[in-house]
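Heads up: the structure comes next, in structure tokens.
Each ligand, and each atom within it, is numbered from 1 in the order the structure gives. Just so it is clear, the structure is predicted and the values come from calculations on it, not from any experiment.
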Amino acid sequence: MNKIGVFGGTFNPIHNGHLHLAKGYRNALGLDRVLFVPTCIPPHKDADDLLPASNRLDMCELATRDISSMAVSDVEIRRGGKSYTVDTLRELAEMYPDDQLYFLMGADMFLTIEEWNGFDEIARTAELCTASRHEGELPILKEHAHMLEQKYGTHCHIKAIPVLDISSTQVRDALAGGDDIHELVPDAVQDYIYKNGLYRP
Ligand code: ATP
Ligand code: MG
């Protein structure tokens, strides 16, 4: 049995905060692999400044290509339409029937996950892993995990992974303002963004 982390997101673009969470959980739980799964169309997000899926997928590939324990899955992009985590986890569970799935997310996602389409099935298919995006969130996350465990028997992992306060919004804003992004994203992603003239105002 392998332990597979599944990390969904728009990744518009992927940044160091994403990689930090994935590495943190890989190390904390001994995950054999973390799969980054870029969404096709996010169900609850303003898609105004969303880059095409192919660009977001490319950047995920570039960010993970030198990390042997990390890979990118195009299941949501191939499926097309709105991307629901429940469909993705079902598909991955069929692909990896002998493995245990761990769904990784930041605090913002974890605190709303009960409202997601097919939450019951999500929680039966994968163990849930989250960490703070801002200092001081840990108690709220622990309390929320406790509630989900009591109410649904959900398996939650709340690890005290140091906060790395970066968001894709911050990267897009920096680019729009002509600011440097080299501390926010891997070099290969920065090069790709510049070379393709992405996120220009
Ligand atoms: P945006 O600002 O466009 O919403 P984002 O940085 O939040 O971008 P998403 O693609 O929306 O990135 O998020 C994908 C997943 O990564 C979510 O579960 C989110 O909570 C998590 N995440 C994003 N940034 C961080 C971070 N710095 N630390 C921990 N988790 C993060
Ligand atoms: Mg977000």
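Under the 30°/60° scheme for interplanar angles, the aromatic rings of F7 and H18 are found to stand perpendicular.
Between the CG atom in L128 and the CE atom in M105 there is a gap of 4.5 Å [rounded to 0.5 Å].
Within a 6.0 Å sphere centred on CD of E149, other residues, nucleotides and ligands contribute more than 12 heavy atoms.
Shown are H157, K3, H155; of these, the side-chain hydrogen bond (donor to acceptor under 3.5 Å, both in side chains) with E127 is made only by H157.
Residues of the protein with a heavy atom under 4.0 Å from ligand 1 are F7, G8, G9, T10, F11, H15, G17, H18, L21, K45, M105, G106, D108, M109, R133, L164, I166, S167, S168, T169, R172, listed by chain and number.
Linking ILVMFWY side-chain heavy atoms closer than 4.5 Å, directly or via other members, places L184 and V163 in two distinct hydrophobic clusters.
In this structure, a donor-acceptor pair under 3.5 Å is present between the side chains of D58 and Y192.
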